[in-house]
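Only one structure is covered here, and it is reproduced in the block below.
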Amino acid sequence: MDQEKIKKAVRMILEAIGEDVDREGLLETPDRVARMYAEVFQGLGQTAEKHLSKTFEFVDENMVVEKDIPFYSMCEHHLLPFWGKAHIAYIPNQRVAGLSKLVRTVDVYSKKPQLQERLNQEVADAIMKYLKAKGALVVIEAEHMCMSMRGAKSVGTKTVTSVSLGAFKEDLDLRNEAYRLMDY
């Protein structure tokens, strides 16, 4: 990530909106924004492979559900935050991941300019690919600042998206059981 380029761009934006970039409160803003962008976009070019590669034998094929995984991301259309909770269900294929690895999977895909729908798909695809799961279902509920503070100005509105793959796509009863366990 080019921190110097970000600093220049932030300074230019501040000037373009009519701010005095040399006033005390804004002197360090370009540097702060550059450091923040390095943190919130650290998922660029990353996958969940390293997080989901450490697995444990588990011969049972019962569903695993991890819900209420908090995340923060940035809308790629407006570069404004959206945040919420992700819920993951998967059917192991004789191997399971450590539960913290599911949280890290959501984290890695949320740390880039993103669409909620794509975040859903990337998390579900990673579980299928790296865990070789028999099925994955991911539900994400989020509030988008691009809807809350501008445009529709609809504070508190949540967008809910879901992706079902493998066994969850094929078996409606299984999918409904996962939704029930996720409180949907």
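Positions are given from 1, in the same order as the sequence printed here.
Residues L165 and V123 are members of separate hydrophobic clusters, defined by side-chain heavy-atom contacts under 4.5 angstrom among Ile, Leu, Val, Met, Phe, Trp and Tyr.
Here D31 pairs with R35 in a salt bridge; the nearest charged N to carboxylate O distance falls below 4.0 Å. Ionic pairing of K112 and E122 is present here: one or more N-O contacts between side-chain nitrogen and carboxylate oxygen are shorter than 4.0 angstrom. Between E49 and K129 no salt bridge is recorded (no basic side-chain N to carboxylate O distance below 4.0 Å).
For M36, the CE atom counts as densely surrounded, since its 6.0 Å shell holds more than 12 non-hydrogen atoms of other residues, nucleotides or ligands. Within a 6.0 Å sphere centred on NZ of K85, other residues, nucleotides and ligands contribute 12 heavy atoms or fewer. For K7, the NZ atom counts as densely surrounded, since its 6.0 Å shell holds more than 12 non-hydrogen atoms of other residues, nucleotides or ligands.
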Would you check, one step at a time, whether the test side-chain contact (heavy atoms from CB on, under 4.5 Å) holds for Y130 with T55?
-> CA-CA 10 Å; Y130 300 122; T55 60; over 6 Å; no
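Distance alone, capped at 3.5 Å, is enough to place a donor-acceptor pair between the Q116 side chain and the T159 backbone.
A distance of 9.5 Å separates CG in L44 from CD in Q114, rounded to the nearest 0.5 Å. Atom-to-atom distance recorded for L115:CG and F82:CZ is 7.0 Å, nearest 0.5 angstrom. Distance check: S110 OG to R118 CZ gives 13.0 Å after rounding to the nearest 0.5 Å. In this structure, NZ in K134 is found 11.5 Å from CD in E170, a value given to the nearest 0.5 Å. Summarising the geometry, atom NZ belonging to K50 is positioned 5.5 Å from atom CD belonging to Q46; distances are rounded to the nearest 0.5 Å. Atom CE of M145 sits about 12.5 Å away from atom NE2 of H78, to the nearest 0.5 Å.
Counting side-chain heavy-atom gaps under 4.5 Å among Ile, Leu, Val, Met, Phe, Trp and Tyr, the cluster of M63 also holds V65, I91, L137, V139, V160, F168, L174, Y179, L181, M182, Y184.
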